[in-house]
Amino acid sequence: MKILITGACGFVGMRVAKYLANAFAGSGRSLELLGIDNFSRPGSELNRNEFSKIGGRLFHGDLRMASDLDAIPRVDWMIDAAANPSVLAGVDGRTSSRQIIQHNLESTINMLEYCKTHSAGFALISTSRVYSIQALSQIPIVEHKNGYAVNVFESLPQGLSAKGIAEDFSTSAPISLYGSSKLAAEALAVEYGAAFDFPVWVNRCGILAGAGQFGRPDQGILSYWINSYCQQKPLRYIGFNGLGYQTRDCLHPDDLSALMIQQMSSNDDSHDRVFNLGGGVDSTFSLAQLSDWCADRFGHRKIDSEPEQRRFDIPWLVMDSSKARQRWGWSPKISRQQIFEEIASHASANSEWLEVSAA
Ligand SMILES: NC(=O)c1ccc[n+]([C@@H]2O[C@H](COP(=O)([O-])OP(=O)(O)OC[C@H]3O[C@@H](n4cnc5c(N)ncnc54)[C@H](O)[C@@H]3O)[C@@H](O)[C@H]2O)c1
């Protein structure tokens with residue numbers, strides 16, 4: 001199988017590439033791996049050689065330029081792992097609103113045109129940030145062991161249960177420029193697939209985390225927190241009374257990759273193309289709980305507080321992957337504990353990781 005990964009030198013792109021290389025090597029099936037990246041993300045350069053080491057062929061190109069994709073040979077599947085993945089992008093004064101839309105949405109049109117031309121399948125890595133911020137912030141929650149849990153004794157909106165957010169939860173605006181660019185990309189992907197008869201899968205992922213994730217709080221909170229804790233850098237609980245109770249689930253990219261192999265090998269032609277993927281309630285953690293884990297691992301230290309909330313902050317976001325479980329028999333194999341430990345070991349061995357990857 002010939003697979004092109006866009007954003008191949010990003011955290012997710014590189015982890016998916018490594019997983020595919022191992023999985024195909026072990027299966028006896030042949031794999032030709034291609035990648036494209038424009039190295040716009042600080043840290044991506046670190047993966048340039050890694051991609052070659054696993055036998056991949058890397059193209060330095062920008063997906064906003066259709067002609068950069070023209071140079072790429074035909075593949076069977078394109079996995080889209082390229083984006084500016086920050087919920088604050090375009091509104092934080094660091095990047096322009098136009099630029100995030102160009103990276104996340106205009107690029108998608110170029111990728112879909114490529115898939116149309118070459119009859120290639122398209123696997124889009126989307127995000128839990130497609131869900132309505134207002135609806136998420138109104139989820140009834142209770143405090144539970146230094147974190148939050150859904151209050152199941154209150155009436156719950158459509159798409160929400162104690163298991164998390166399902167695919168039919170509200171996607172009404174506002175959902176951030178990041179969320180809306182991904183939601184629009186999803187709609188276009190499914191539309192192109194139906195109109196031009198190529199397979200499309202959309203996986204809406206909650207937090208993806210593991211060793212090698214670049215360190216910025218808005219683009220990899222688990223890696224940022226564990227690395228900062230390990231290296232004695234200042235840490236603050238922001239918003240929600242400064243207690244650090246905001247709660248998320250986490251998923252390792254290997255578990256996402258395993259599902260994508262299944263999807264790319266399937267000849268399912270149903271119209272149902274969108275799935276939520278996350279570690280689910282078994283993998284939830286609050287920042288306060290994460291700090292407790294770090295204290296056991298690295299020794300105790302003080303965390304500062306800043307009670308005032310930021311734009312787009314939400315208290316609880318956990319993905320309900322029941323649909324993927326029913327459709328694909330999928331469930332995550334890598335536990336929260338394993339994810340934390342993988343990041344912690346990497347942080348201990350790479351004391352400059354935050355500086356290098358978030359420059
Ligand atoms: N990390 C997470 O927790 C998470 C969760 C859900 C979904 N996702 C999705 O996974 C994908 C990858 O996220 P990540 O965490 O690996 O981000 P990342 O920043 O580590 O990687 C993104 C890569 O894409 C490249 N890129 C960006 N714009 C490009 C362009 N125009 N042309 C070519 N390359 C370009 C960057 O240089 C970078 O190497 C994104 O689509 C994101 O929405 C990530």
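We count ligands from 1, going down the list as the structure has it; atoms in each ligand are counted the same way.
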Please confirm whether [X] comes within less than 3.5 Å of ligand 1 when only nitrogen or oxygen atoms on both sides are compared.
X: Gly10; answer: yes
X: His103; answer: yes
X: Leu208; answer: yes
X: Lys182; answer: yes
X: Val12; answer: yes
X: Asp37; answer: yes

Item to check | Nearest neighbour of atom 7 (C) of ligand 1 from the list Ser44, Ser126, Pro85, on a heavy-atom basis | outcome: Ser126
Next on the checklist: Does Arg48 qualify as a cation-pi partner of Phe39, given the criterion of NZ or CZ under 6.0 Å from the six-membered ring centre and within 45 degrees of its axis?
Outcome noted: yes
Item to check | Qualifying residue for side chain to side chain contact (heavy atoms under 4.5 Å, CB included) with Asn203, from Leu251, Asn276, Thr127, Leu259 | outcome: Leu259
Checklist entry - Is any side-chain N of the basic residue among Asp313 and Arg311 closer than 4.0 Å to the acidic one's carboxylate O? => result no
Item to check | Shared hydrophobic cluster, Val202 / Phe122 (ILVMFWY, side-chain heavy atoms < 4.5 Å) | outcome: yes
Checklist entry - Looking at atom 10 (O) of ligand 1, what's its closest protein heavy atom, distance included? => result Ile125 CG2, 3.6 Å
